[in-house]
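Read the structure below first, then the notes.
Letters A, B, ... mirror the listed sequences (proteins, then strands); counts begin at 1. As a basis for the values below, the full set of heavy atoms in this structure was taken, side chains included, without hydrogen atoms, waters or symmetry mates.
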Amino acid sequence: MTVRTRFAPSPTGYLHIGGARTALFNWLFARHHGGRFVLRIEDTDVARSTEESVNAILDGMRWLGLDWDEGPFYQSKRFDLYREHVERLLRAKMAYRCWCTPEELEERRKKAIEEGRPPRYDGRCRNRTDTPEGAFAVRFKVPPRRTVFEDMIKGQISFEHGEIEDLVILRSDGTPTYNLCVVVDDATMNITHVIRGDDHINNTPKQILLYEALGYSVPSFAHLPMILGADRTRLSKRHGATSVTAYREMGYLPEALVNYLARLGWSYGDQEIFTREELVDKFSLESVGKSSGIFNPEKLLWLNHHYIKESPTERLVPEFLRHLERLGVDGSRDERVPVIIETLKERAKTLGQMAEDALFYFKEDVTYEEKAARKFLTPDKAELFRMLIERLASLDPFTRDAIQDAFDSVLREKRLGLGKLAQPVRVALTGTTVSPGIFETIEALGRKRTVKRLKDACEFIEKTSSETTATR
RNA sequence: GGUCCCAUCGUCUAGUGGCCCAGGACGUCGCCCUCUCAAGGCGAAAACACGGGUUCGACUCCCGUUGGGACCGCCA
């Protein structure tokens, strides 16, 4: 039998980091076994589901490269199928009508909690023979025994049915509920392995009971440990960015996120970096851990940095331009872009940061950081800058090696170390004391701008030195 | 509160009874390299929750305690 897995998000928000990992593990498992990966949208809660959310989820999946073989299927389009199944259970007396209203149930629940009893449905409509007027829900009759199943990650798990209440499978408005839909869908879509978060463990016995009642074979289950925030509670908005989209917007690479998510809960010896192919090749549920993991943004950042460094420059160009644009710079027609990226690759942890760091290359005028200017743009530098301008003007080709030669010749003549010239030039060109290596910076900035900025710096020096003399 | 799940450095983890006075990675700290910042190299601090068993021998097996988490809906 070929492996079939599925990812079944409910479209009530964006693709969450936790959801993305569930999707990834399902995808990896299917791909590893040469199986099929199915996408299903669980939108039975019509009120909370939105199309916008569906699109966000699909976009997120595509961006991460999690392609699906079938779907997306929408539960909202399969209501007839679910109702048929409910009918079947009703006819077999495995389910019954319940006329208790949500308000009554809520009241009983409250009372039960107050009296210290478990807040469970008391089954009062179970053996009811009359058929009152009004809307009714349908409940599944949970048989009195225990259910044991073998979880592929957690091992054997067992539940005493006394703990399970007769669950509603059809609401009084005629719409089916989650537990029924999942079972009907997974069964009719021939899902062989249900891989999902372990927050679903408590639903599993109910679902197994439904499979059995409906005469379907029960799939294998694998419950993934949760991803927690730094405070060890379920990862949520309070822990910072949790949507896949947000990471894309910040300039993370999908391969970094995929690699990070794969390693959160799964491991392969001491290996940290995995290509997509390696992941598919090496993934197995046996090496998925049982305990929940805390989302660590620092490590994700490290991986992102790694992938930025390793990516071919062409790969980064379009994304880089996008981030530049958000900062108000159109670099699309600037042929220096690849070279500029080269200078920044090694030090940018995100593409967003790379764009920010690249801003000085594009600005018309440099604004000096006050402290930097005071320290490095001192009167003695004007002469050095002029010598440099002269030599740079005649360089051909204008490459980092040639630029270094120009520096060397000035330095030799003046008997100075590189440090004495590099920092002032850096300030003149970028306005700050931090930038890529000075030769590559100049090469990427280009001759015209370099010369212009050095000249501007000379003017600045003259102006400030005359001011200080004047105040003396 | 009930049910279920979980428990190795701050974090992700390796470890499936002797190879472990516990290995790797992120982060942190120090040193080296150096035109700044990074990158890179080298090094350091840092963990088997606790208590009982089982065993010649437990991080590894069993039980309990403690701690953490999830779920308890006519949400999914």
If the [atom1] atom of [N] is compared with that of [M], how far apart are they to the nearest Å?
| N | M | atom1 | result |
| --- | --- | --- | --- |
| B/C48 | B/G10 | C1' | 16 Å |
| B/A76 | B/G18 | C1' | 49 Å |
| B/C21 | B/U3 | P | 41 Å |
| B/G68 | B/A49 | C1' | 11 Å |
| B/C72 | B/G30 | P | 48 Å |
| B/C33 | B/G41 | C1' | 8 Å |
| B/G64 | B/A45 | P | 38 Å |
| B/A46 | B/U11 | P | 16 Å |

Go through the structure and list residues passing ring pair (Phe, Tyr, Trp, His ring centres under 6.0 Å) with [X], not counting sequence neighbours.
| X | answer |
| --- | --- |
| A/Phe362 | none |
| A/Phe320 | none |
| A/Phe136 | A/Trp99 |
| A/Phe360 | none |

Which one is paired to [N], where only Watson-Crick or G-U wobble pairs with both distances under 3.5 angstrom count?
| N | answer |
| --- | --- |
| B/G2 | B/C71 |
| B/C59 | none |
| B/A76 | none |
| B/A7 | B/U66 |
| B/U28 | B/A44 |

Looking across every strand, which nucleic acid part, if any, lies under 4.0 Å from [X] by heavy atom: base, sugar-phosphate, or nothing?
| X | value |
| --- | --- |
| A/Thr433 | base |
| A/Ile201 | sugar-phosphate |
| A/Gly437 | base |
| A/Pro9 | nothing |
| A/Thr12 | nothing |
| A/Glu272 | base |

What is the distance, rounded to the nearest whole Å, between atom [atom1] of [X] and atom [atom2] of [N]?
| X | N | atom1 | atom2 | value |
| --- | --- | --- | --- | --- |
| A/Leu235 | B/U11 | CG | C1' | 14 Å |
| A/Arg426 | B/U34 | CZ | P | 15 Å |
| A/Lys111 | B/G1 | NZ | C1' | 18 Å |
| A/Asn304 | B/A38 | CG | C1' | 15 Å |
| A/Gln423 | B/A38 | CD | C1' | 13 Å |
| A/Ile273 | B/G24 | CD1 | P | 17 Å |
| A/Phe274 | B/C12 | CZ | P | 17 Å |
| A/Glu286 | B/G15 | CD | P | 13 Å |

Consider only side-chain N and O atoms of A/Asn26 and A/His193, and report whether a donor and an acceptor are under 3.5 Å apart.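 No donor-acceptor contact under 3.5 Å links the two side chains.
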Of the options A/Asp43, A/Asp185, A/Thr175, which is the one that meets A/Gln75 in a side-chain hydrogen bond (donor to acceptor under 3.5 Å, both in side chains)? A/Asp185
Side-chain atoms of residues 427-440 of chain A: list all donor-acceptor pairs with protein atoms under 3.5 Å, sequence neighbours left out, distances to 0.1 Å.
unit_1: A/Thr430; atom_1: OG1; unit_2: A/Arg426; atom_2: O; d: 2.8
unit_1: A/Thr430; atom_1: OG1; unit_2: A/Thr432; atom_2: N; d: 3.0
unit_1: A/Thr430; atom_1: OG1; unit_2: A/Thr432; atom_2: O; d: 3.0
unit_1: A/Thr430; atom_1: OG1; unit_2: A/Thr432; atom_2: OG1; d: 3.3
unit_1: A/Thr432; atom_1: OG1; unit_2: A/Val434; atom_2: N; d: 3.2
unit_1: A/Thr432; atom_1: OG1; unit_2: A/Val434; atom_2: O; d: 2.9
unit_1: A/Ser435; atom_1: OG; unit_2: A/Arg426; atom_2: NE; d: 2.8
unit_1: A/Glu440; atom_1: OE2; unit_2: A/Gly437; atom_2: N; d: 3.3

Excluding sequence neighbours, so at least two apart, what forms side chain to side chain contact (heavy atoms under 4.5 Å, CB included) with A/Ala23?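 Side chain to side chain contact (heavy atoms under 4.5 Å, CB included) list for A/Ala23, sorted by chain: A/Phe7, A/Met61, A/Leu66.
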Let me have a per-nucleotide readout for nucleotides 67-74 of chain B, 5' to 3', with B, S or -, counting only protein heavy atoms under 4.0 Å. --SBB-SB
Please figure out whether A/Ile153 or A/Gly289 has its closest RNA chain B nucleotide nearer the 5' end.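 This one resolves to A/Ile153.
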Result for 5'-nearest mapping on RNA chain B, choosing between A/Phe159 and A/Ile438, is A/Phe159
Among B/A7, B/U36, B/C12, the nucleotide that comes nearest once only the side chain of A/Lys290 is considered: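 It is B/A7.
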Sort me out a list of protein N/O and nucleotides 39-45 of chain B N/O pairs below 3.5 Å, or just none if empty.
unit_1: B/A39; atom_1: O3'; unit_2: A/Lys309; atom_2: NZ; d: 3.0
unit_1: B/G40; atom_1: OP1; unit_2: A/Lys309; atom_2: NZ; d: 3.2

Does NZ or CZ of A/Arg453 lie under 6.0 Å from the centre of the six-membered ring of A/Tyr368, at an angle within 45° of the ring axis? no
Would A/Arg21 count as a cation-pi partner of A/Phe25, with NZ or CZ less than 6.0 Å from the six-membered ring centre and within 45° of the ring normal? yes
Sequence neighbours left out, cut at 3.5 Å: what donor-acceptor pairs do the side chains of residues 266-273 of chain A make with other protein atoms?
unit_1: A/Gln271; atom_1: NE2; unit_2: A/Ile273; atom_2: O; d: 2.9
unit_1: A/Gln271; atom_1: NE2; unit_2: A/Glu278; atom_2: OE2; d: 3.2
unit_1: A/Glu272; atom_1: OE1; unit_2: A/Lys299; atom_2: NZ; d: 3.0
unit_1: A/Glu272; atom_1: OE2; unit_2: A/Arg263; atom_2: NH2; d: 3.3

If I take atom CG from residue A/Asn304 and atom CH2 from residue A/Trp302, how far apart are they, to the nearest 0.5 angstrom? 11.5 Å
